[in-house]
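Worksheet for the structure shown next.
Computed over heavy atoms, backbone and side chain alike; hydrogens, waters and symmetry mates excluded. Whatever order the structure lists them in is the order used to number ligands and atoms, beginning at 1.
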Amino acid sequence: MNILGVNAYHGNASAALVCDGKLVAAVEEERFNRVKYAAGFPAAAIRYCLQVAGITLADLDHVAVPRNPYARLGRKLFYALRMPSFARERARVISKFTGIPAALAWAFDSDPAKLKASFHRVEHHQAHLASTFFVSPFDTAALLSADGLGDFASSMWGLGTGNRMRIDGAIAFPHSLGLYYSAVTQYLGFLKFGDEYKVMGLAAYGQPAYLQEFRDILRFDSNGGAFGFKLGLDYFTHHKTGPEMSWAESDQTPTLGKMFSEAMPRRLKAPARQPDEPLEQRHRDMAATLQARLEEVYLGMLKKLAARTSAKAVCLAGGVAFNCVANGKIFDATPFEQVHVDPAAGDAGLAVGAAFYVWHQILGKPRSFVLDHPYWGPAYSAEEIQSAIRSSPVSQGGHSIAELPEEELLRRTAAIIADGKILGWYQGRAEWGPRALGNRSIVADPRRPEMKEILNRRIKHREIFRPFAPSILAEKTGEWFEKSHPSPFMNLAYSVRPEKRDKIPAPTHVDGSGRLQTVTREANPRYYALIQEFEKQTGVPVVLNTSFNDNEPIVCRPEEALDCYLRTQMDALVLGGTLITRPL
Ligand SMILES: [Fe+2]
């Protein structure tokens with residue numbers, strides 16, 4: 001039985017295919033159309049999923065869409081009456097969604113009558129919860145989804161047992177942890193969709209000096225069953241102007257309108273920072289307080305969820321679950337002993353969630369799949385890689401190009417890293433979700449304090465305050481970090497042990513933390529072997545890992561990896577079994 005999940009007409013458009021209860025493929029549209037966070041209809045992602053399974057649209061039994069325009073209809077109508085622009089937006093969205101079968105047929109030049117699939121609308125947060133629980137290793141787990149907004153809710157929680165999820169509650173628009181973070185991110189002068197990540201990095205440079213103010217901006221809600229939170233709405237505008245994200249029809253780049261009101265700068269006694277203005281200490285302190293207050297509320301919710309469910313494990317999804325700093329504190333702040341975070345915790349993950357929701361929650365099928373690695377995207381054959389090399393300027397520019405036996409390739413590659421060079425590392429299927437996890441990565445020596453600055457200057461061109469991440473051999477985690485719970489998808493940050501910090505300064509953040517990826521031989525044998533070889537040569541079982549890109553979506557095809565290698569002056573590139581090095 002083939003179930004296609006489609007996140008369409010929304011940021012992070014994506015598709016996923018589940019065949020007989022097992023994930024077969026999952027990919028974001030941005031990897032194909034090269035527009036970061038692309039919204040719109042993910043035709044290329046769907047095409048890829050079908051191709052992996054060797055099926056056509058006519059072979060689909062179910063299509064699941066993670067949006068239910070009829071969820072919370074009363075509240076939607078209430079706001080639609082107060083905001084005509086919002087009503088128009090709702091109508092536009094609903095018409096897009098009801099047209100998905102036609103869009104599918106159109107994109108594939110197929111006769112709509114040949115589509116035999118049943119269509120399902122899965123409520124946004126139920127899809128988030130399904131995306132994390134149904135593929136987790138846990139039979140029983142507490143569930144929490146938290147994001148900006150989806151189907152007019154911003155959070156949902158419950159309990160998962162076997163092939164069922166029980167929903168216990170939700171927090172509806174306009175109250176939202178995600179929009180709280182986004183609004184203050186905008187106030188701090190970071191205006192692009194997805195910039196919350198930058199502010200989380202900035203927070204480590206400040207002190208939470210504004211807690212009184214931020215506790216007024218984001219409040220505990222004692223009337224909401226002592227579980228929830230509410231926004232101090234005076235500081236926001238989204239409840240008046242409408243909450244929907246829009247996207248440019250031309251290139252599908254999503255944007256969010258201004259979300260903070262003039263009361264925010266008044267309360268914080270400082271004007272909003274403009275993007276081109278310098279960052280001052282007060283901005284760092286505000287970022288630190290934004291994060292500290294998020295943790296108070298988020299961890300407080302998780303603590304209560306643990307008490308209500310008595311579960312030892314928790315499954316997390318929604319954009320807020322990307323907050324690896326808060327996630328890393330779960331073990332100390334709550335009774336939870338195990339955590340699973342969706343690798344595509346943002347809205348891309350909805351495609352997987354909607355498909356598994358149909359398989360388990362609607363069809364009642366038993367669990368038979370665990371997402372134990374993130375490699376569900378496109379792969380390219382050795383012939384395709386060789387053809388890309390032959391057509392690239394690298395084949396004419398004096399670069400050394402060598403196809404090497406695996407052992408020698410790993411030995412030479414580890415030596416290149418240990419020598420302080422920057423390596424592009426490209427192999428196998430692309431990662432699902434926004435983190436590069438050893439198949440589309442740039443790898444560098446973590447022992448060199450200057451590496452962060454070198455990477456930023458030569459390759460990444462991003463803000464200097466943003467940290468780089470470590471990949472560590474999983475069994476060594478406890479020796480180097482103060483926690484040892486697996487973090488296979490780079491969604492947890494732990495403190496680096498104080499005695500190890502000067503051994504891996506490059507991926508250790510200013511507060512001593514690292515957003516780590518724990519690497520196992522089972523999940524990624526070749527990346528594991530590379531780190532093991534690096535350890536053999538240096539004594540350090542850690543490499544610095546950052547995504548293979550330069551202010552663009554992570555490279556997907558070998559041609560894009562070659563272009564990025566050439567454009568950014570990387571020193572070396574492993575492309576499948578080929579090692580390419582730059583002339584001295
Ligand atoms: Fe969401």
Side-chain angles (χ1 to χ4, degrees), residues 5-16 26 28-30 36-40 42 64-69 71-72 75-76 89-90 93 96-97 121-135 143-158 165 167 169-183 185 193-197 229 238 242-247 254-256 259 294 298 301 315-323 326-327 340-357 432-434 489 491:
V6 181
N7 179 39
Y9 307 124
H10 196 72
N12 297 304
S14 61
E28 296 95 330
E29 186 73 1
E30 66 160 32
K36 213 162 179 174
Y37 310 119
V65 178
R67 184 132 181 180
N68 183 352
R72 291 177 197 79
R75 188 166 274 249
K76 283 171 184 165
E89 172 63 14
R90 301 294 324 166
V93 167
K96 288 245 185 204
F97 270 77
R121 299 178 204 292
V122 181
E123 191 185 343
H124 185 100
H125 283 278
Q126 297 207 35
H128 270 315
L129 295 179
S131 77
T132 181
F133 175 61
F134 286 138
V135 303
L143 316 176
L144 177 66
S145 167
D147 68 4
L149 184 69
D151 277 334
F152 239 53
S154 72
S155 311
M156 186 176 279
W157 54 89
M165 297 192 304
I167 305 302
I171 292 177
F173 177 84
H175 304 290
S176 161
L177 287 181
L179 295 184
Y180 153 78
Y181 218 93
S182 299
T185 294
F193 185 81
D195 273 357
E196 293 81 1
Y197 222 80
F229 57 85
H238 62 275
E244 288 293 328
M245 151 201 325
S246 59
W247 61 88
T255 50
L256 287 167
M259 281 184 288
L294 175 92
Y298 180 65
M301 288 174 79
C315 293
L316 302 168
V320 178
F322 277 137
N323 199 301
N327 290 343
H340 173 80
V341 187
D342 182 358
D347 286 344
L350 294 168
V352 164
F356 275 101
Y357 184 95
W432 168 234
F489 307 133
N491 277 330

Where the side chain of Asp342 meets the backbone of Ala317, is there a donor-acceptor pair that is under 3.5 Å apart? no

Under 3.5 Å donor-acceptor, Asn7 side chain and Pro66 backbone: no

Testing the basics here: between Ala13 and Gly40, what is the closest heavy-atom pair and its distance to 0.1 Å? CB-O, 3.7 Å

As a test of reading the structure, name the N/O/S atom of Asp347 that is nearest the Fe ion (ligand 1). OD1

Please find out if the Fe ion (ligand 1) and some N, O or S atom of His125 are separated by less than 2.8 Å. no

If the Fe ion (ligand 1) is the vertex, what is the angle to NE2 of His128 and NE2 of His124, rounded to 10 degrees? 90°

Ring-plane angle category for His128 and His125, please: parallel below 30°, perpendicular beyond 60°, tilted otherwise. tilted

Measure from the Fe ion (ligand 1) to every N/O/S atom of Asp147 and report the name of the nearest one. OD2

